[in-house]
Amino acid sequence: MSPQRLPARPGEVIDRDRALAFTWNGRAVSGLAGDTIASALAAGGCRVFSRSMKYHRPRGILTADYWDPNTLLQVGEEPNVRAGHRLLEAGMAVSAQNAWPSVRWDAKVLTNLGGRALSAGFYYKTFMRPRWLWPAYEKVLARFAPGGVIDAGSAPRRHDKRYAHPDVVVAGGGPAGLAAAVAAARAGAGVLLVEHEHALGGHLRWGTKHERSIAAALADAAQVAGVEILTDATVTGRWEDNWLAIVERGGAGGPERLIKARAKVLVVAAGLIERPYVFAGNDRPGVMLSQGARRLLNLWAVRPGSRAVVWSANTAGDAAAADLEAAGVAVEHVDARAGCTVAAAQGRRGGLEQVVLSDGTRLEADLLVTAAGWTAPTSLLNMAGVRPRYDPAAARFFPAEPDVPEAGTVLSTGGISGDGSLDELVGHGEATGRLAAARAATLAHRLQVATAWAAPVDGREPPEAPDERTPLGRDPHPELYRSSTDGIVDLSEDVSSRDLRHGAAEGFDSVELVKRWTTATMGSAQGKLETVNTVAVLADATDSTISEVGTTTWRPPFAPVTLGALAGRMFEPVRISSLHDLHVAAGMTPIQAGQWIRPEHYGDPAAEVRNVRTNVGIIDVSPLGKLDIQGPDAADLLSLLYVNKWRRLAAGAVRYGVMCAEDGVILDDGVTGRLGEDHYLMSTTSSGSGAMEVWIQNWLQTEHPDWRVRVTPVTDAYTSINVAGPRSRTLLERLVDDVDLGPEAFKYMQVRRGTVAGVAGCVMWRIGFTGELSYELHVPAGFGPHVWQALLAAGADLGVAPFGLEAQRIMRLEKGHFIVGQDTDALTKAPTAGLERLIKLDKPDFCGRPELQWALDGEPGAEDPEALPRLVAVQPTDPAYVPPEACQIVVAGSDGNERIIGRITSSRFSPTLERSICLAQVEAAHAAPEGTLTIVGTDGRRRSALIIAHHAHFDPEGERLRV
Amino acid sequence: MLLVPCPHCGPRNSADLTLVGESESRPDPSATTPVEWRAYLYEEHNPAGWTRETWYCRLGCGRFFVTERHRGQNRFRNPPLGAPDESARRR
């Protein structure tokens with residue numbers, strides 16, 4: 001390793017006064033601020049950066065940029081860092097990947113290219129059979145797999161997300177992209193310019209003094225024009241209506257930030273990517289593309305070699321030769337346009353010592369620079385539906401004439417569109433920017449017209465902007481893809497031209513097939529370097545043309561995105577009631593129920609049950625959905641929503657109701673109380689509250705917009721507390737003085753409004769989900785903690801204690817109350833739950849009426865209503881056995897095989913009855929009371945259980961709640 | 001992601017809304033047949049052309065509205081803004 005840093009050069013991006021110390025495979029080395037990891041290592045004389053994926057061949061710098069397939073390195077705990085792109089930082093611990101014991105001496109090296117051992121499809125063919133050996137194969141193969149090391153114990157990193165709404169997004173900050181951004185911004189558009197590299201300017205950055213000054217002037221103009229500039233960021237995906245995924249690396253939003261941008265117009269100015277040439281030894285360290293050599297030399301002042309052969313088919317290659325010569329490198333300039341090609345690169349130990357040309361000439365060299373042509377990264381255009389078309393005269397693909405509806409909002413400029421002088425490229429960019437701004441303005445106006453209620457339309461629609469750009473020309477370029485010898489086509493995946501030919505011979509003769517068979521284009525470079533060469537080799541092998549073979553489909557992402565950036569932060573809210581802090585102080589065990597954090601219990605749910613059954617308990621039921629319904633048509637709305645009747649509900653009364661969907665399936669249940677003439681308070685299940693609100697709005701807005709009724713969600717406006725137990729009345733009487741709580745004055749299923757613990761405006765209804773005498777208090781939420789504490793204080797001598805969700809679930813199961821979604825499912829129609837008497841078919845209309853009528857009366861000429869399964873209460877014969885929920889219930893069939901006839905939907909051990917209790921859904925034929933069922937436990941054992949007469953295991957007559 | 005033209009909120013990401021379905025009128029529940037009712041409940045016509053659709057602006061105004069979408073090209077066009085459309089369907 002001898003130092004290769006040259007004396008200061010104009011245009012270099014390094015700071016020679018700031019040395020950065022880092023380690024390379026454990027050895028202390030140093031680079032300069034502004035270096036990439038790869039340029040710093042190359043300046044130190046490093047030639048071998050990695051070992052190839054399959055053959056473990058030594059690899060060096062090829063492109064010296066993001067897409068370099070040979071410089072993926074481990075940096076600290078981060079694997080697969082693109083060292084050609086990542087800027088050097090002091091203290092980095094950089095090491096080679098995929099090499100053992102070292103990158104210089106790799107024990108697994110197989111320099112015999114294309115040896116039978118690892119031909120295409122080798123893994124498929126060799127390790128398919130026997131299948132049972134796969135775990136053993138996997139262990140061995142994992143040692144050969146490429147990639148770095150992940151540290152599972154590394155600290156989590158936070159990734160932000162950002163949403164942006166620019167008028168115009170320009171992808172690519174080269175001369176054309178910069179000019180487009182400036183012109184669009186000057187025309188009044190909000191512009192976001194996204195540049196993949198660390199600085200603006202594109203290929204001008206490593207060009208002549210004049211080119212660099214143009215880049216600087218354009219970058220200044222972009223600043224002045226108010227363009228938002230993102231560097232080290234990539235537009236990586238494009239979807240409908242220019243929904244763009246932009247990945248921003250190393251900014252304020254974390255190691256990577258995903259920006260979701262909605263642009264009106266997208267300008268694709270992604271430039272051109274230089275294409276490698278395929279020949280024997282084309283992957284040796286020392287073989288480099290012209291852009292790689294110029295970047296090393298002109299950006300980082302690194303001498304890429306001492307004796308160079310520059311094989312050039314274009315002006316970029318000629319410029320590389322001139323730059324190298326000026327830097328004191330001995331250069332042999334071979335002109336590809338004269339017909340001479342490279343046949344082989346040779347040397348000992350995987351290095352480069354001589355270059356063999358197609359005419360047999362042998363040239364000594366430690367650096368071979370190739371300039372064989374370009375690939376247009378049309379990816380973003382393809383994602384918009386534009387197909388690339390091959391032009392043999394220019395030897396590359398161009399975007400075809402767009403024929404997609406959105407084509408007017410996706411424009412391209414720069415190298416993707418064609419060739420030209422710097423002036424022509426800038427001119428085309430400017431025209432594109434003006435066109436983009438005009439189209440964005442037209443689109444903005446049309447969106448405003450389409451949504452005029454949101455924002456009144458101002459002004460007239462701008463005239464449609466025609467595309468009057470002078471198209472860029474196309475420079476002739478020889479078609480140079482592969483030599484007469486075989487070489488590596490895909491350097492990331494180690495796929496040779498021979499592998500591709502074999503694949504075609506084996507029948508994988510379309511580009512999509514041979515890609516999957518050989519994995520060409522599927523590695524870290526993702527086709528940027530190798531797609532067109534793959535197509536060219538396949539065209540040769542199948543005796544067709546590049547146009548006929550066509551390219552593979554470019555899909556998002558254009559540049560890789562980390563999973564962290566995709567995951568970002570979670571925005572899922574968590575809801576807590578006003579009593580949350582009190583529950584925490586009381587030592588609750590929390591449980592998440594939907595979005596709500598609720599107390600599951602405060603230590604011992606069974607004791608909580610016993611306390612409610614003997615004394616009095618209080619439970620926070622704030623998540624219960626609550627809707628305030630007011631208006632003269634409120635009763636009509638209730639009649640429509642519920643299957644039962646509501647018109648004759650007296651003011652001051654509460655009624656239980658069930659809602660069904662239009663298919664007759666139970667949707668929700670709850671009680672609704674009539675507070676006044678045209679005023680109701682509806683409760684829904686806690687989990688269903690959000691959906692019910694939408695459901696009701698749907699009916700009101702689309703089916704009955706004429707009804708005079710308003711529905712207001714008040715779930716969070718009230719803190720809801722259920723006071724349950726034989727002593728609940730005694731407790732409440734101590735805190736309520738404006739409502740007569742006597743058994744005759746305030747009966748079961750009635751509602752009152754009054755003052756609790758000094759808090760006016762409370763709604764109380766007397767209901768009994770737990771089966772005990774109980775009052776549900778809806779307290780203005782701000783006073784929730786006050787009332788809760790007042791209840792605990794006032795009832796200390798009565799044994800009052802809070803109880804949690806688990807105790808409530810036990811008690812409701814003791815009472816046989818079903819829970820929608822637990823004991824019913826998406827197929828459970830109302831009759832299954834024994835609700836026949838509730839369904840009032842004499843109402844002309846309610847949700848689900850036709851299906852329920854057919855379920856009860858029989859469908860004209862079809863289904864027997866008795867065929868619906870039944871919800872039954874079940875007690876296992878062994879009182880200590882609690883079958884887990886969802887256990888199956890079976891019967892022995894006539895053929896001796898068991899048949900599933902149902903399942904346990906709820907099960908608990910009842911502290912009140914001191915036995916196991918269940919609800920189950922079973923086929924109607926097996927649902928008769930006193931019948932015996934066979935439950936299959938999770939251990940596979942069969943246990944018997946008895947169906948009881950009533951859903952309620954405890955107090956079936958409901959005497960306790962009517963006292 | 002589609003840009004849905006909510007007439008009340010302006011263009012919004014489709015993830016902010018819910019597509020309720022094709023706008024259809026509900027059969028008379030007291031006179032319908034199983035065939036007609038279930039066709040209404042379960043069948044989508046899904047043409048590769050223009051459809052009338054009901055959308056619910058879930059994270060915005062909370063309104064149900066009718067719009068037209070070309071299902072082949074995923075383009076929207078709003079009907080002229082006027083009185084609230086009563087044929088928006090719910091399921």
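Remember, predicted model here, so these are calculated numbers, not experimental data. Order of the sequence lines fixes the chain letters, A, B, ..., with proteins taken first and strands second; residue numbering starts at 1 for each chain. Side chains are part of it too, since the values below use all heavy atoms of this structure and drop only hydrogens, waters and symmetry mates.
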Point-to-point distance, once rounded to the nearest 0.5 Å, from NZ of A:K843 to OG of B:S30: 13.5 Å

Heavy-atom donor-acceptor pair, A:R262 side chain to B:N13 backbone, under 3.5 Å: no

Part of B:T18 lying under 4.5 Å from any heavy atom of chain A: neither

Under 3.5 Å: donor-acceptor pair, side chain of B:W37, backbone of A:E662: yes

Contacting region of A:R446 [heavy-atom separation from chain B under 4.5 Å]: neither

Step-by-step side-chain contact (heavy atoms from CB on, under 4.5 Å) determination, A:N698 to B:T54: CA-CA 10 Å; A:N698 194 346; B:T54 301; 5.8 Å; no

Over all atoms of both residues, closest heavy-atom pair of B:M1 and A:W243: N-CD1, 3.2 Å

Chain A contact via B:F76 - which portion, at a heavy-atom distance below 4.5 Å: neither

Heavy-atom closest contact (B:C9 atom, A:A454 atom, distance): C-CB, 3.4 Å

A:A450 versus B:N78, closest heavy-atom pair with distance: O-ND2, 2.6 Å

Chi angles and distances behind the side-chain contact (heavy atoms from CB on, under 4.5 Å) call for B:F64, A:V694: CA-CA 10 Å; B:F64 290 78; A:V694 177; 3.9 Å; yes

Minimum side-chain heavy-atom gap B:V20-A:T702 below 4.5 Å: no

A:Q701 (side chain) donor-acceptor with B:G62 (main chain) under 3.5 angstrom: yes

From A:N242 atom CG to B:L3 atom CG, the distance as rounded to the nearest 0.5 Å: 10.0 Å

Top of A:K260, A:E851, A:E693 for chain B proximity - count of heavy-atom pairs under 4.5 angstrom: A:E851

Euclidean distance, A:W854 CH2 relative to B:T32 OG1, rounded to 0.5 Å: 5.0 Å

Heavy atoms of other groups near A:R710 CZ, more than 12 under 6.0 Å: no

Considering all heavy atoms, the nearest B:P29-A:P850 contact: O-CG, 3.5 Å

